[in-house]
There are 2 protein chains.
Amino acid sequence: MGAFFKIRKGIVAVSHTLEDGRRQITALRAPGDCVGYLEKDGVYAFEGEALTDVEACAFDRRRFDDFVSVQPDLAAALVEALSSALKQSGMLSLVLGQLRSTERVAHFLAEISALYAERHVSLARPLTLHMGRSEIADYLGLTIETVSRSIGKLKSRGIIATVESGEVVILDDQRLREAGKVSR
Amino acid sequence: MGAFFKIRKGIVAVSHTLEDGRRQITALRAPGDCVGYLEKDGVYAFEGEALTDVEACAFDRRRFDDFVSVQPDLAAALVEALSSALKQSGMLSLVLGQLRSTERVAHFLAEISALYAERHVSLARPLTLHMGRSEIADYLGLTIETVSRSIGKLKSRGIIATVESGEVVILDDQRLREAGKVSR
DNA sequence: CGGGCGATTGAAAGACTTCAATGGGTGTGG
DNA sequence: CCACACCCATTGAAGTCTTTCAATCGCCCG
């Protein structure tokens, strides 16, 4: 309570669950990102789930805030991190509100591929998602069946392939990003 | 360019549009909020549209950042504003990803009612939305027809009513929030 | 080899969208 | 002052997409 974490290794899914059990993963956090920063009266606004083994630094919220106030650089970094998270969150809204199922899955694969490459989670292909169909579904606002069928469509279009271990191989990054409506 | 705005009066819709014309409104901003803060290389990450007449203060981005670095209080306020926006954005993802059409519309009405009351936009009822069906649709990831039908359902359930001018009367706030899955 | 879990696939149902037509309100011009 | 055009919202019907329900497959583990 009153603590937040900076991830050093691993992937964390930030989510929110309704009383009836429906869950939305609102963000994926990778090494360098912070989780648990948004709270109110000691109650976290969202839940966090480790998708892989995670190594993180824990900070005491109060002390950190005090420290920030005398460290302008740190404050700037915090603003930068929050701005970036806000941009990503807006993009997720765009995906959830406007894209069709296969577009969402394509977007997701392109996004996670870029994220992992950027944060050195695993530069190897095939790409290990670290998420089951259930997590992907909860992230994209779809059911596991629809996610499965969308992956099938991308495979049949020759854009991706899967290996027996469940990992994904991106065969055509260009077309994957097009299919996922990824701007640039 | 390089400027951002703090809203003094009016409502602004922050949005993002795909090449094929699909648009998602990712946030609604009211007096006290800032818009145009998220940019990259002088290019704004999102678009802004005034839903009403708007009065705002413009800040030069560079000078503001410099000023922030010597004003810890201002930095803290900025962090607070961004945190709040991030929470709201996560909630929108939840709405878009998990709620059905009528739930989304109910959520929207409850949210906008609370927002306007809180920011003194208009304390009067009936509630003036300041948004046409088209904007509501783009905010909720629905079509104008579905929005219209959902409003009809809420009316037939006796939760809301509309007056000829198009304004909305919330007859049962309790049930509206339940229908919109609004936590508290 | 049997059980269990996650992923895939099929078929039917449901929700939302699309296309089309109608109605109400406003503003302009005759 | 009324007719008409226009815009927005509503309503109906058909179509598309996604979900739901069910069954199957493959893999790992005991």
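Bear in mind the structure is a predicted one, so any value in this text is a computation, not a measurement. The sequence lines fix the lettering, A, B, ..., with proteins before strands; numbering per chain opens at 1.
Protein atom CG of Asp138(A) is 14 Å distant from nucleotide atom C1' of dT19(D), rounded to whole Å. In this structure, Gln98(B) places its CD atom 10 Å from P of dT19(D), rounding to the nearest Å. Atom CZ in Arg104(A) sits about 9 Å away from atom C1' in dT18(D), given to the nearest Å. Summarising the geometry, the separation between CD on Glu164(B) and P on dT26(C) is reported as 9 Å, rounded to the nearest angstrom. Rounded to an integer number of Å, the gap from Met131(A) CE to dG6(C) P is 15 Å. Atom pair Asp20(B):CG and dT18(C):C1' shows a separation of 16 Å (rounding to whole Å applied). As a whole-Å value, the separation of Arg133(B) CZ from dT17(C) P is 15 Å. At whole-Å resolution of the value, CD1 in Ile144(B) and P in dC8(D) are 9 Å apart.
Base engagement by Arg149(A) is indicated by at least one non-hydrogen atom pair under 4.0 Å involving a base atom. Residue contacts shown for Ser101(A) are limited to sugar-phosphate atoms, with no base heavy atom under 4.0 Å away. Across all strands shown, Glu145(B) has heavy atoms under 4.0 Å from base atoms, whether or not it also approaches the sugar-phosphate. Within the 4.0 angstrom heavy-atom criterion, no nucleotide atom of any strand lies near Ile151(B).
Using a 4.0 Å cut-off between a side-chain N of Lys or Arg and a carboxylate O of Asp or Glu, Arg61(B) and Asp65(B) qualify as a salt bridge.
Two residues are said to be in side-chain contact when any heavy atoms from C-beta on lie closer than 4.5 Å; Ser15(B) and Asp138(B) fail this criterion. The shortest side-chain heavy-atom distance between Arg29(A) and Phe5(A) does not fall under the 4.5 Å cut-off.
Distances shorter than 4.0 Å separate none of the side-chain N or O atoms of Thr143(A) from OP1 or OP2 on dT18(D). Regarding contacts with the backbone of dC16(C), every side-chain N or O of Thr146(B) stays at 4.0 angstrom or more from both OP1 and OP2.
Within 6.0 Å of CG in Asp20(A) there are more than 12 heavy atoms belonging to other residues, nucleotides or ligands. Heavy atoms of other residues, nucleotides or ligands lying less than 6.0 angstrom from NZ of Lys87(B) number more than 12.
Along DNA chain D, the nucleotide nearest to Gly132(B) and the one nearest to Ser150(A) differ in position, and the one closer to the 5' end is contacted by Gly132(B).
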